[in-house]
Undergrad: 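One structure, as structure tokens, below. Some questions next.
Throughout, a chain's letter reflects where its sequence line sits, starting with A, and its residues are numbered from 1.
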Amino acid sequence: MSCIAVIDFETTGLSPAMGDRATEVAIVLVENGNVVDRFQSLMNAGVHIPAFITSLTGISNAMVAAAPDAASVMLDASRFVGNTPMVAHNASFDRRFWQAELARAGAAAAQPFACTMLVARRLYPQAPCHKLGVLVDYHHLPRAGRAHRALADAEMAASLLGQIQHDLRTRHRVGKPDHALLMNLQRCAKPAVPALMARYASV
DNA sequence: TGCCAGGCCCTCTTTAGGGCCTT
């Protein structure tokens with residue numbers, strides 16, 4: 001099974017197009033279902049962190065003031081990821097910040113993103129909802145630390161990814177549930193999921 | 001405690017609207 005990079009950002013808001021910036025990034029590399037490496041750093045983008053965000057994440061203006069500048073952190077993160085395909089929970093959010101922050105740093109962001117939330121909506125329609133923490137509890141997966149900190153959320157997303165890959169192997173008999181399959185599954189209309197899984201079935 | 005945006009999904013749909021999910 002190929003390596004997958006699971007990423008999570010903490011930010012000042014929801015939209016880089018509206019001026020929001022990243023405050024922390026974490027990436028865990030997953031290979032054969034195991035976390036084989038980790039990257040985590042606060043970053044100083046030179047912007048004010050709203051009180052609401054500090055109460056949500058625990059990340060304060062003082063913490064980012066002492067952190068390395070955002071561009072250097074993003075370039076380190078980009079080197080860490082390389083060409084590894086990426087996964088995030090609600091990936092459209094993290095992909096926007098990945099692309100925006102790397103563009104500010106003058107680097108390309110060509111890695112494909114798959115989304116555990118979109119896949120989970122197809123595999124676990126019976127779940128109470130599809131927030132990361134709820135899905136982690138739903139599957140009795142370990143809480144990795146304080147929610148809404150980047151490394152803890154990336155670790156939980158990696159655990160959820162492992163659960164998804166396990167269920168694809170055991171329920172759908174998919175031999176090697178890789179990133180390409182996740183990309184197909186997240187784009188597949190819900191009624192077509194069984195047919196897609198049958199196409200990937202190993203027996 | 002929440003707003004912003006954006007992509008996706010679902011339905012009382014498709015010339016649309018609202019909810020979910022991320023910080």
Undergrad: Listed by chain and number, what are the ring pair (Phe, Tyr, Trp, His ring centres under 6.0 Å) partners of A:Phe80, not counting sequence neighbours?
TA: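 Expected list: A:Phe39.
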Undergrad: If the P atom of B:dG18 is compared with that of B:dT13, how far apart are they to the nearest Å?
TA: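 Roughly 13 Å separates the two P atoms.
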Undergrad: For A:His139, check ring pair (Phe, Tyr, Trp, His ring centres under 6.0 Å) against everything at least two apart and list the hits.
TA: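 Per chain and number, A:His139 pairs via ring pair (Phe, Tyr, Trp, His ring centres under 6.0 Å) with A:Tyr124.
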Undergrad: What residues form a ring pair (Phe, Tyr, Trp, His ring centres under 6.0 Å) with A:Phe9, not counting sequence neighbours?
TA: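 Once residues adjacent in sequence are excluded, A:Phe9 has no partner under the ring pair (Phe, Tyr, Trp, His ring centres under 6.0 Å) criterion.
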Undergrad: Run the side-chain donor-acceptor check on residues 104-120 of chain A: report pairs under 3.5 Å with partners two or more places apart or on a different chain.
TA:
residue, atom, partner, partner atom, Å
A:Gln111, OE1, A:Trp98, NE1, 3.1
A:Gln111, NE2, A:Gly82, O, 2.8
A:Thr116, OG1, A:Ala88, O, 3.4
A:Thr116, OG1, A:His89, ND1, 2.7

Undergrad: Roughly how many Å apart are B:dC12 and B:dG19, using the C1' atom of each and rounding to a whole number?
TA: 15 Å
Undergrad: What is the distance, rounded to the nearest whole Å, between atom NZ of A:Lys190 and atom C1' of B:dC8?
TA: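 Spelled out: NZ on A:Lys190 to C1' on B:dC8 is 11 Å.
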Undergrad: Under the salt bridge (Lys or Arg N to Asp or Glu O under 4.0 Å) rule, what pairs show up with a residue in residues 84-103 of chain A, not counting sequence neighbours?
TA: A:Arg21-A:Glu101
Undergrad: Report all interatomic pairs (protein N or O, nucleotide N or O of nucleotides 21-23 of chain B) with separations under 3.5 Å.
TA:
residue, atom, partner, partner atom, Å
B:dC21, OP1, A:His130, N, 2.4
B:dC21, O2, A:Asn90, ND2, 2.7
B:dT22, OP1, A:Leu132, N, 2.7
B:dT22, O4', A:Asn90, ND2, 2.8
B:dT23, OP1, A:Asp153, OD2, 3.2
B:dT23, OP2, A:His148, ND1, 3.2
B:dT23, O3', A:Glu10, OE1, 2.6
B:dT23, O3', A:Thr11, N, 3.1

Undergrad: Write down the distance between CZ (A:Phe97) and P (B:dG6), rounded to a whole number of angstrom.
TA: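 In whole Å, B:dG6 P lies 11 Å from A:Phe97 CZ.
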Undergrad: Determine the Euclidean distance between corresponding C1' atoms of B:dT23 and B:dC4; express it in Å to zero decimal places.
TA: 11 Å
Undergrad: Could you measure between the two C1' atoms, the one in B:dG17 and the one in B:dT1, and give it in whole Å?
TA: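 Going atom to atom, C1' in each nucleotide, I get 26 Å.
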Undergrad: Starting from C1' on B:dG19, measure out to CG on A:Leu118 and report it in whole angstrom.
TA: 14 Å
Undergrad: Identify the residue among A:Gln40, A:Met156, A:Glu155 that makes a side chain to side chain contact (heavy atoms under 4.5 Å, CB included) with A:Val28.
TA: A:Glu155
